[in-house]
Chemist: 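One structure follows; several queries about it will come next.
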Number of protein chains: 2
Amino acid sequence: MSPEILFRALSDETRLRCVMLVLQHGELCVCKLTEALNLSQPKISRHLATLKAARVLQDRREGVWVHYRLHAQLPAWALTVLQQTLCGIQAQEPFLSDSLHLKNVPDNSSLCSITE
Amino acid sequence: MSPEILFRALSDETRLRCVMLVLQHGELCVCKLTEALNLSQPKISRHLATLKAARVLQDRREGVWVHYRLHAQLPAWALTVLQQTLCGIQAQEPFLSDSLHLKNVPDNSSLCSITE
DNA sequence: TACTAATATATGCTTATCCGTATATAAAGA
DNA sequence: TCTTTATATACGGATAAGCATATATTAGTA
């Protein structure tokens, strides 16, 4: 993991929003991110693929659902960077709205929520 | 300062190398960075301009020399991100070589060194 | 097997970004 | 004013990256 790979992965707002939500919640499936960010599914999926390729996130399939979490081998410094970033920006938009919105995603919106 | 602006600024290796050296040394002029990184002056200058536009760095002219330092209004979280990144990568290439190389830039290579 | 739901990927288009080379600009000194 | 030095910027080219839309792929169920 080189630093510019991490920073490039985080340099897109959609990707950053995904990572910040995953950082706060431990693990999230695509459908949750899609609803929380109110963006199209292909767009979310594409950005998640980029994050996965950069080894920032890793995925886990559970039936039709795919959950994403921070990569198990993310270096400590990179994790600290993410945490410090969250501390600095969680009260900013769109990150504040994202978190509130995620909390409001109804559990019956997707069956994946029951198992999370 | 939004996070993706910071991360975009850092997503290029040349720019990241510049910022890491500036972070370690407080203030550096273009000629020092150009020699330490062993890259062309226009390339360094262009990247410094990008960092300045993103308000990651600020500059100060002293005669024919221009010195760059971290921007005075860099948010605390952003500074912490930079510091943690340095902690994590300073022993990696090319950052390790950059620092060693900077130490070896002879003082008589440029008159700017005398005043620094 | 067919159908449905969730997700990943392809396509074509537009815009952004980086590069080396050349040169413009700013500053200093004769 | 002219010359030199340091730095900034312009230019043209190549490549990367993001987007919406469409559709392929995977998993589960009837």
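Letters go in sequence order (proteins before strands), and every chain restarts at 1. Side-chain atoms are counted along with the backbone in the values below, which use heavy atoms only and exclude waters and symmetry mates.
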Chemist: K52(A): which residues meet the side-chain hydrogen bond (donor to acceptor under 3.5 Å, both in side chains) condition with it, sequence neighbours left out?
Modeler: D59(A)

Chemist: How many angstroms lie between atom CD of Q58(B) and atom CG of L70(B), to the nearest 0.5 angstrom?
Modeler: 8.5 Å

Chemist: Nearest whole angstrom, please: distance from the C1' of dA8(D) to the CG of L48(B).
Modeler: 10 Å

Chemist: Would you say Y68(B) reaches dA8(D)'s phosphate, i.e. side-chain N/O to OP1/OP2 under 4.0 Å?
Modeler: yes

Chemist: Taking side-chain contact (heavy atoms from CB on, under 4.5 Å) as the test, write out the residues that go with L39(B), two or more places apart.
Modeler: T14(B), R17(B), L37(B), K43(B), I44(B)

Chemist: Distance check needed: dA20(D) P versus I44(A) CD1, whole Å only.
Modeler: 11 Å

Chemist: Return the set of residues passing side-chain contact (heavy atoms from CB on, under 4.5 Å) with S2(A) (not counting sequence neighbours), or none when no residue passes.
Modeler: E4(A), I5(A)

Chemist: Measuring from M20(B):CE to E13(B):CD, what's the distance to the nearest 0.5 Å?
Modeler: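 Answer for the CE-CD pair, M20(B) versus E13(B), is 12.0 Å.
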
Chemist: Measure the distance from CG on L39(A) to P on dA20(D) and round it to the nearest whole Å.
Modeler: 8 Å

Chemist: Ignoring the backbone of V66(B), work out which of dT7(C), dT9(D), dT7(D) is nearest its side chain.
Modeler: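 Closest nucleotide among those given: dT7(D).
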
Chemist: Figure out the CG/C1' separation between D12(B) and dA16(C), and round it to whole Å.
Modeler: 13 Å

Chemist: Any protein N or O atoms within reach of nucleotides 23-27 of chain C? Criterion: under 3.5 Å, listing atom names and distances.
Modeler:
none

Chemist: Just N and O in the side chain of S45(B): are any of them under 4.0 Å from OP1 or OP2 of dT7(D)?
Modeler: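 For S45(B), the contact criterion (side-chain N or O under 4.0 Å from OP1 or OP2 of dT7(D)) is not met.
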
Chemist: What's the CG-P distance between L51(B) and dT17(C), to the nearest Å?
Modeler: 13 Å

Chemist: Could you give all pairs that pass the side-chain hydrogen bond (donor to acceptor under 3.5 Å, both in side chains) test and reach residues 71-92 of chain B, with sequence neighbours left out?
Modeler: R55(B)-Q73(B)

Chemist: Just to verify, what does H25(B) make a side-chain contact (heavy atoms from CB on, under 4.5 Å) with, not counting sequence neighbours?
Modeler: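 Partners of H25(B) by the side-chain contact (heavy atoms from CB on, under 4.5 Å) criterion, ordered by chain and then number, come out as L28(B), L102(B).
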
Chemist: Figure out the CZ/P separation between R8(B) and dA16(C), and round it to whole Å.
Modeler: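 From R8(B) CZ to dA16(C) P: 10 Å.
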
Chemist: Among residues 18-25 of chain B, which contact DNA chain C at a heavy-atom distance under 4.0 Å?
Modeler: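 Hits under 4.0 Å, by residue number: none.
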
Chemist: So, is H47(B) close to the dC19(C) phosphate, meaning a side-chain N or O under 4.0 Å from OP1 or OP2?
Modeler: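 The answer is yes; a side-chain N or O of H47(B) sits under 4.0 Å from OP1 or OP2.
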
Chemist: Run the side-chain hydrogen bond (donor to acceptor under 3.5 Å, both in side chains) test against S40(B) and tell me which residues pass, sequence neighbours left out.
Modeler: none

Chemist: Kindly write out the residues that satisfy side-chain hydrogen bond (donor to acceptor under 3.5 Å, both in side chains) with S45(A), not counting sequence neighbours, or none if the list is empty.
Modeler: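 Not a single residue meets the side-chain hydrogen bond (donor to acceptor under 3.5 Å, both in side chains) criterion with S45(A).
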
Chemist: Just to be sure I follow the notation: if a pair is Watson-Crick (purine N1 to pyrimidine N3 plus N6-O4 or O6-N4) or a G-U wobble (N1-O2 and O6-N3), each under 3.5 Å, what dot-bracket string does DNA chain D give, with | for pairs to another strand?
Modeler: ||||||||||||||||||||||||||||||

Chemist: Identify, with sequence neighbours excluded, every residue that meets side-chain contact (heavy atoms from CB on, under 4.5 Å) alongside S99(A).
Modeler: L21(A), Q24(A)

Chemist: Got a second to check how far F7(B)'s CZ is from L6(A)'s CG, nearest 0.5 Å?
Modeler: 7.0 Å

Chemist: What integer distance in Å separates W65(A):CH2 from dG28(D):C1'?
Modeler: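 In whole Å, dG28(D) C1' lies 9 Å from W65(A) CH2.
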
Chemist: Which nucleotide wins on minimum distance to the side chain of R46(B), given the candidates dG18(D), dG20(C), dT7(C)?
Modeler: dG20(C)

Chemist: Can you sort out the partners of R69(A) under side-chain hydrogen bond (donor to acceptor under 3.5 Å, both in side chains), two or more places apart, ordered by chain and number?
Modeler: E27(A)

Chemist: Using atom CG of L33(A) as one end and atom P of dA8(C) as the other, report the distance to the nearest whole Å.
Modeler: 11 Å

